[in-house]
A.B. asks: 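Quick one: the structure is below, and I'll ask about it shortly.
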Amino acid sequence: MRVLILGGGEVATLVARRLIREKNEVTIIEQSEERCHHLEEILDAKIVQGNAGRIETMERAGIGHADMLIAATNHDETNILGCLIAQNYPNVTIKLARMRTHEVDRWRPLCEKHLKIDLVIHPDREVARRILKVISLPGVSDIRGFADGRVQLFGMNITEQSWVVGKTMAELDRSSPPKNSLMAMIFRGHRVIIPRGQDQLLPGDHVYIVVPTKELRECLDFMGLPKKKRLQRVFILGGKQIGIEVAQRLEKRGIQVKLFERDLRRCEKISTLVKKTVVVHGDGTDQRILSEENIEGIDAYLALTGHDEDNIMASLLAKRLDARKSVALINRIDLLPMTQLLGINSTLSTRLVAVDRILQFVRKGNVLSVKTFRDEEAEAIEMLATSDSPFVDKKLKDVHLPRGAIVGAIVRRDGTVIVPRGEAVIHAGDRAIFFCLETLVPQLESVFLTGR
């Protein structure tokens, strides 16, 4: 497939790298000359310097031969204009656009009806949903859903005080965990481990556990995590769109919110958009101001500015000032392993959210969902088993999975969830959820879907 990507930022780079690895022909339009040189060094793709909103640039990049357009510049207007230009080229059968505007709900029907855009991605909204899921679960750093919400994958940090420290997977299995649960991934520094029986848990590990939604609470109890507590007070740092979105959603739940923003004009604007949120004109990273605003004992501190370093420092300060939970928005993906080591409860990336949505849509068909972890180090992929798959109707112990891949859950057509062991069997029509090292994804998809 020939894919034209507008914009050469982090999202475009991550998507391009994956598409190239899967033998697609990729062209990227990027305006910055310096960025173009960088992309030429790291990607086996055609790089075209120019304005992605101009017909001449699009034609130079080969729009007349492209099968798919991914509009991922940092400017909504350019993305929309690029899709409009592509309308004149019938060979472009698939169009995706990333949008940042708060008016996305009003734009979406226009994009779908008049520009025939197949997918409009709004990463801030998805990140807001993830934040709301995670802040009410003490000790949980991340939670992702699969199979229309029937299966949950939750992440947590292993502290020195945790009872599981030093335990191997085999020992944990003998400690009577919930029957339908499985430790799917361990992140240790810059390493990713798809655990086997003798792998041991160490302080500082960040682990992901898969479990049926109905048994989530039982699994949290087994891991020693506190009970869910009703949120009462939340502080938000940053008055950009994502901060406002989260504040509005928390208001609707009856939660007391304080939002900190340094820009006075921005504060005045935010005050017209929220109803009960207290907007504080001040530096939400200043210990004195936070103490004056009674940070001690708040349920969550959400650092959602556009500056990763500020978010990291603010989250660490909030923890020191006795905030029960800290969440940091981190867009430099290479910083994610460091935040884990620093003890920040939860990190989210709008860039990884966008990458997930794009890759899921690009694959479509029998690939039902895609979740990327950290700097593309691991992936969870949900696929529909077809009758001609070599995995079907065989015991998992007899299926030769690539080392570094594991079947985390099977969801039957009737909705039954199985977290499998070696005797389990995948049937045609089942959803199979795999966890694997990112480098194995093309091989795993090829074998599971086509038998090649």
Side-chain angles (χ1 to χ4, degrees), residues 18 21-22 142-155 169 180-187 191-197 199 206-213 352 355-413 415-452:
R18 182 66 60 80
R21 191 176 296 143
E22 295 174 5
D142 189 13
I143 188 159
R144 316 274 187 105
F146 297 88
D148 300 324
R150 296 186 185 95
V151 177
Q152 300 295 328
L153 178 76
F154 71 90
M169 298 300 105
N180 274 324
S181 65
L182 179 71
M183 194 162 292
M185 296 180 290
I186 301 172
F187 291 89
R191 291 178 60 207
V192 185
I193 301 167
I194 305 297
R196 304 285 178 175
D199 285 312
H206 186 74
V207 303
Y208 278 91
I209 300 170
V210 62
V211 63
T213 301
L352 282 183
V355 170
D356 286 352
R357 291 292 288 120
I358 291 170
L359 291 178
Q360 178 182 335
F361 192 88
V362 167
R363 287 155 170 168
K364 291 202 301 185
N366 292 320
V367 176
L368 304 176
S369 69
V370 174
K371 318 286 184 188
T372 306
F373 298 86
R374 295 205 317 195
D375 190 7
E376 280 197 305
E377 295 165 83
E379 188 169 293
I381 182 165
E382 179 182 351
M383 294 186 281
L384 185 67
T386 58
S387 58
D388 55 352
S389 169
F391 285 56
V392 163
D393 297 332
K394 293 180 182 176
K395 293 180 179 180
L396 290 184
K397 66 180 183 181
D398 298 326
V399 172
H400 299 293
L401 276 171
R403 184 163 184 81
I406 191 171
V407 182
I410 300 168
V411 182
R412 304 289 190 211
R413 281 179 287 187
T416 302
V417 177
I418 300 168
V419 176
R421 300 298 188 262
E423 296 294 322
V425 175
I426 298 173
H427 301 305
D430 288 350
R431 297 175 182 230
I433 302 166
F434 293 86
F435 300 92
C436 67
L437 303 179
E438 186 276 331
T439 52
L440 297 176
V441 171
Q443 177 187 351
L444 179 63
E445 284 185 340
S446 178
V447 171
F448 182 79
L449 297 175
T450 67
R452 296 175 184 169

A.B. asks: Measuring only between side-chain heavy atoms, which start at C-beta, is Met383 closer than 4.5 Å to Ile426?
C.D. replies: no
A.B. asks: Find out whether Arg357 and Leu359 are in side-chain contact, i.e. whether some heavy atom of one side chain is under 4.5 Å from a heavy atom of the other.
C.D. replies: no
A.B. asks: Residues in ring pair (Phe, Tyr, Trp, His ring centres under 6.0 Å) with Tyr208, at least two apart?
C.D. replies: Phe187, His206, Phe373
A.B. asks: Does any part of the side chain of Leu153, heavy atoms only, come nearer than 4.5 Å to the side chain of Phe435, both counted from C-beta?
C.D. replies: yes
A.B. asks: What are the two closest non-hydrogen atoms of Leu396 and Arg421, and how far apart are they?
C.D. replies: CD1-O, 3.9 Å
A.B. asks: I'd like to know whether Ile186 forms a side chain to side chain contact (heavy atoms under 4.5 Å, CB included) with Met169, so could you lay out the CA-CA distance, the side-chain angles of the two residues, the decisive distance to 0.1 Å, and finally the verdict.
C.D. replies: CA-CA 11 Å; Ile186 301 172; Met169 298 300 105; 4.2 Å; yes
A.B. asks: Near Arg403 CZ, under 6.0 Å, is it more than 12 heavy atoms from other residues, nucleotides or ligands?
C.D. replies: no
A.B. asks: If you compare all heavy atoms of Cys436 against all heavy atoms of Val441, which two are closest, and at what distance to 0.1 Å?
C.D. replies: SG-CG2, 3.7 Å
A.B. asks: Looking only at heavy atoms, which two atoms of Thr372 and Val355 are closest? And how far apart?
C.D. replies: OG1-CG1, 4.4 Å
A.B. asks: Evaluate the side-chain proximity of Leu444 to Glu379: yes if any heavy-atom separation is below 4.5 Å, no if none is.
C.D. replies: no
A.B. asks: Flag the pair Val447 / Phe391 as yes when at least one side-chain heavy-atom distance between them is below 4.5 Å, and no otherwise.
C.D. replies: yes
A.B. asks: Could you walk me through whether Ile194 and Leu437 pass side chain to side chain contact (heavy atoms under 4.5 Å, CB included), step by step?
C.D. replies: CA-CA 8 Å; Ile194 305 297; Leu437 303 179; 4.2 Å; yes
A.B. asks: Side chain to side chain contact (heavy atoms under 4.5 Å, CB included) for Asp393 and His427? Distances and angles first, verdict last.
C.D. replies: CA-CA 5 Å; Asp393 297 332; His427 301 305; 3.1 Å; yes
A.B. asks: So, for Val392 and Ala428, which heavy atoms are closest and what is the spacing to 0.1 Å?
C.D. replies: CG1-N, 3.8 Å
A.B. asks: Is there a donor-acceptor pair under 3.5 Å between the side chain of Glu382 and the backbone N or O of Ala147?
C.D. replies: yes
A.B. asks: Could you measure the distance from the CD1 atom of Ile381 to the CG atom of Leu440? Nearest 0.5 Å is fine.
C.D. replies: 11.5 Å
A.B. asks: Closest heavy-atom contact between Gly408 and Val419?
C.D. replies: O-CG1, 3.5 Å
A.B. asks: Going by heavy atoms in the side chains, are Ile433 and Val151 under 4.5 Å from each other?
C.D. replies: yes
A.B. asks: Would Asp142 and Lys371 count as a salt bridge (charged side-chain N to carboxylate O under 4.0 Å, His left out) here? Give the steps.
C.D. replies: CA-CA 12 Å; Asp142 189 13; Lys371 318 286 184 188; over 6 Å; no
A.B. asks: Are any side-chain N or O atoms of Gln152 and backbone N or O atoms of Pro212, one a donor and one an acceptor, separated by less than 3.5 Å?
C.D. replies: no
A.B. asks: Checking Ser181 side chain against Val211 main chain: does a donor-acceptor pair fall under 3.5 Å?
C.D. replies: no
A.B. asks: Check whether any side-chain heavy atom of Val417 sits under 4.5 Å from a side-chain heavy atom of Asn180, and report yes or no.
C.D. replies: no
A.B. asks: Please report the shortest heavy-atom distance between Ala378 and Met185, naming the atom on each side.
C.D. replies: CB-SD, 3.8 Å
A.B. asks: State whether the side chain of Thr213 and the backbone N or O of Gly149 hold a donor-acceptor pair below 3.5 Å, judged by distance alone.
C.D. replies: yes
